[in-house]
Amino acid sequence: MSRFAGKVAIITGSSNGIGRAAAVLFAREGAKVTITGRNSERLEETRQQILAAGVPEGNVNSVVADVTTDAGQDHILKTTLDKFGNIDILVNNAGAAIPDSEGNTGTAQSIENYDATLNLNLRSVIALTKKAVPHLTETKGEIVNISSIASGNRATPEFPHYSIAKAALDQYTRNTAIDLIQHGIRVNSISPGLVATGFGSAMGMPEEVSKKFYSTMATMKECVPAGVMGQPQDIAEAIAFLADRKASSYIIGHQLVVDGGSSLVMGLHCQDFSKLLQ
Ligand code: NDP
């Protein structure tokens, strides 16, 4: 039997990138999925990919919504419950390193940028989770939050607000994991490294620059020891593992790093010491 047969999953930010790959994977493995994002054309592309995988149309609930708004969150939940009757899995994936409207980076980034970045990457997760908890309590469901290796014990000086939001999200994951396990709800998170998605474009990079950025990074062992750029599918598989109670039932409040080794290397360790010592 398919791994998610009979399960209902909401995957935010599924009009592109990691969320899209996760939605296709979950649907292909039997889940009824709510896919959602603001861009209706890209959302339809996700729906078409799911249908092309042989999934019945009735297993897909496609919702155009802004996840940072109360109305958007309510719409996502209501349409899911109306169409599928319950919620088993919530994947809080929507997120972005929102560019500053003045083009500033670092400490020059505006307080409006701070508000917008925290609103999307942290507040919307907290709000949607709070609203979903009564339903996830009924099903003893699963939550998977999508964080980032940018949240770790390293500086990310160019986009401080994004990494602050993800660091706070990690703490939220740990706190809710312990609070909600008493209701049978498991909460875990994934910290992706560099993954080739629309993330660069959402940061304001032109498409070509974004592609060049990803391909260059993959050639630098001090950036990506694995030597290849992460693909949305790599993260989708990790999400599926943490959302699959049979596979990961005893894993609670975990932050699963999926980054090709990026977060393990420091610049000084990436030098070829055998050459330096000659
Ligand atoms: P994409 O830009 O490809 O996808 C982001 C998704 O979030 C889109 O579907 C977008 O939909 C949605 N989204 C953004 N803002 C909103 C909003 N206000 N309301 C509803 N949906 C919204 O990026 P990724 O797939 O890479 O990003 C997915 C997650 O992975 C994010 O949380 C990101 O922080 C994280 N991540 C990504 C990394 C990478 O290298 N790619 C590295 C580490 C973490 P739409 O535009 O249609 O609204």
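Note that ligands are numbered from 1 as they come in the structure, with each ligand's atoms numbered from 1 the same way. A quick note: this is a predicted structure, and the numbers were derived from the prediction, not measured.
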A.B. asks: Does a side-chain heavy-atom distance below 4.5 Å link I18 with F199?
C.D. replies: no
A.B. asks: Determine whether the side chains of N188 and S248 contain a donor N or O and an acceptor N or O closer than 3.5 Å.
C.D. replies: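 On atom types as modelled, these side chains do not qualify, holding no pair under 3.5 Å.
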A.B. asks: Under 3.5 Å, is there a donor-acceptor pair between the side chain of N145 and the main chain of N92?
C.D. replies: no
A.B. asks: Give me the nearest non-hydrogen protein atom to atom 19 (N) of ligand 1 as residue plus atom name, then the distance to 0.1 Å.
C.D. replies: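 For atom 19 (N) of ligand 1, the nearest protein heavy atom is V67 N, 2.9 Å.
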A.B. asks: If only side-chain N and O atoms count, and only distance matters, is there a donor-acceptor pair under 3.5 Å linking N86 with T139?
C.D. replies: no
A.B. asks: Of the backbone atoms (N, CA, C, O) and the side-chain heavy atoms from C-beta on, which set of R42 has a member under 4.0 Å from an atom of ligand 1: side chain, backbone, both, or neither?
C.D. replies: side chain
A.B. asks: Just distances here: any N/O of A202 and N/O of ligand 1 closer than 3.5 Å?
C.D. replies: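 It does not: no N or O of A202 is found under 3.5 Å from an N or O of ligand 1.
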A.B. asks: Anything under 30° is parallel, anything over 60° is perpendicular, the rest tilted; go ahead and classify Y114 against H161.
C.D. replies: perpendicular
A.B. asks: Does ligand 1 have any atom sitting under 4.0 Å from a heavy atom of K166?
C.D. replies: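 It does; at least one heavy atom falls under 4.0 Å.
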A.B. asks: How does S147 reach ligand 1, if at all, at less than 4.0 Å between non-hydrogen atoms: by side chain, backbone, both, or neither?
C.D. replies: backbone
A.B. asks: Ignoring angles and geometry beyond distance, decide whether G198 reaches within less than 3.5 Å of ligand 1 through its nitrogen or oxygen atoms.
C.D. replies: yes
A.B. asks: Under 4.0 Å from a heavy atom of T68: give me the atoms of ligand 1 that qualify, with their elements.
C.D. replies: 18 (N)
A.B. asks: Counting heavy atoms only, which part of S14 comes closer than 4.0 Å to ligand 1: side chain, backbone, both or neither?
C.D. replies: backbone
A.B. asks: Among I235, N93, V91, N39, which one puts a heavy atom closest to atom 31 (C) of ligand 1?
C.D. replies: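 Shortest heavy-atom distance from atom 31 (C) of ligand 1: N93.
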A.B. asks: If you count the atoms of ligand 1 from 1 in the order shown, which ones are under 4.0 Å from a heavy atom of I146?
C.D. replies: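 Selected atoms, number and element: 29 (C), 30 (O), 32 (O), 35 (C).
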A.B. asks: Considering only the protein, which heavy-atom contact is closest to atom 33 (C) of ligand 1, and what is its distance?
C.D. replies: Y162 OH, 3.6 Å
A.B. asks: At what distance is the nearest protein heavy atom to atom 25 (O) of ligand 1, and which residue and atom is it?
C.D. replies: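 Of the protein heavy atoms, I18 N, 2.8 Å lies nearest.
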A.B. asks: Can you list the steps and then say if D170 with S147 is a side chain to side chain donor-acceptor pair (under 3.5 Å)?
C.D. replies: CA-CA 7 Å; D170 290 347; S147 182; 2.7 Å; yes
A.B. asks: Which residue is it: I11, V60, N61? I am looking for the one with a side-chain contact (heavy atoms from CB on, under 4.5 Å) to I35.
C.D. replies: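 It is V60, the one option of I11, V60, N61 that forms the side-chain contact (heavy atoms from CB on, under 4.5 Å) with I35.
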A.B. asks: Please compare Y214, F213, F199 and report which has the shortest non-hydrogen distance to atom 1 (P) of ligand 1.
C.D. replies: F199
A.B. asks: Would you mind checking which non-hydrogen protein atom is closest to atom 5 (C) of ligand 1, with the distance to 0.1 Å?
C.D. replies: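 Of the protein heavy atoms, G95 O, 3.8 Å lies nearest.
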A.B. asks: Atom 41 (N) of ligand 1: which of V195, I98, D259 has the nearest heavy atom?
C.D. replies: V195
A.B. asks: Please list, in number order, the atoms of ligand 1 under 4.0 Å from a heavy atom of G17.
C.D. replies: 3 (O), 25 (O)
A.B. asks: In the protein, what heavy atom is nearest to atom 13 (N) of ligand 1, and what distance, to one decimal place, separates them?
C.D. replies: A94 CB, 4.0 Å
A.B. asks: Is there side-chain contact between N121 and K166, with at least one heavy-atom pair below 4.5 Å?
C.D. replies: yes
A.B. asks: Using a strict cut-off of 4.0 Å, indicate which atoms of ligand 1 neighbour a heavy atom of S148.
C.D. replies: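 With S148 as reference, the close atoms of ligand 1 come out as 43 (C), 44 (C).
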A.B. asks: Considering only non-hydrogen protein atoms, determine which one is nearest to atom 24 (P) of ligand 1 and report residue, atom name and distance to 0.1 Å.
C.D. replies: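 Checked against all protein heavy atoms, atom 24 (P) of ligand 1 sits closest to T197 OG1, 3.4 Å.
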A.B. asks: Starting from atom 18 (N) of ligand 1, locate the nearest protein heavy atom and write down its residue, its atom name and how far away it is, to 0.1 Å.
C.D. replies: D66 OD1, 2.9 Å
A.B. asks: Report yes if the side chains of V209 and K212 come closer than 4.5 Å at any heavy-atom pair, otherwise no.
C.D. replies: no
A.B. asks: Can you find a heavy atom in the side chain of F26 that is under 4.5 Å from one in the side chain of I239?
C.D. replies: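 Side chain of F26 against side chain of I239, heavy atoms only: contact under 4.5 Å found.
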A.B. asks: For R154 and I149, which heavy atoms make the closest approach, and how far apart are they?
C.D. replies: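 The pair with the smallest heavy-atom distance is NH2-O, 3.1 Å.
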A.B. asks: With heavy atoms of L194 as the reference, note each atom of ligand 1 found under 4.0 Å away.
C.D. replies: 40 (O)
A.B. asks: Which atoms from ligand 1 have a heavy atom of L120 less than 4.0 Å away?
C.D. replies: 15 (N), 16 (C), 17 (C), 18 (N)
A.B. asks: Among protein heavy atoms, which sits nearest to atom 11 (O) of ligand 1, and what does the distance come to when rounded to 0.1 Å?
C.D. replies: S15 OG, 2.8 Å
A.B. asks: For ligand 1 and P192, I'd like to know whether there is a polar contact (N/O to N/O, distance under 3.5 Å).
C.D. replies: no
A.B. asks: Please check: side-chain N/O of T79 versus main-chain N/O of I76, any donor-acceptor pairing under 3.5 Å?
C.D. replies: yes
A.B. asks: Answer with side chain, backbone, both or neither: which part of A65 has a heavy atom less than 4.0 angstrom from an atom of ligand 1?
C.D. replies: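 Answer for A65: backbone.
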A.B. asks: When rounded to the nearest 0.5 angstrom, what distance separates CD1 in I87 from OG1 in T137?
C.D. replies: 10.5 Å
A.B. asks: Got a salt bridge between K131 and D70, using NZ or NE/NH1/NH2 to carboxylate O under 4.0 Å?
C.D. replies: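 Here K131 pairs with D70 in a salt bridge, since their nearest N and O are under 4.0 Å apart.
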A.B. asks: Would you say G193 touches ligand 1, if touching means a heavy atom closer than 4.0 Å?
C.D. replies: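 Per 4.0 Å heavy-atom rule, G193 contacts ligand 1.
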A.B. asks: Regarding R47 and E44, does a basic nitrogen lie under 4.0 Å from an acidic carboxylate oxygen?
C.D. replies: yes
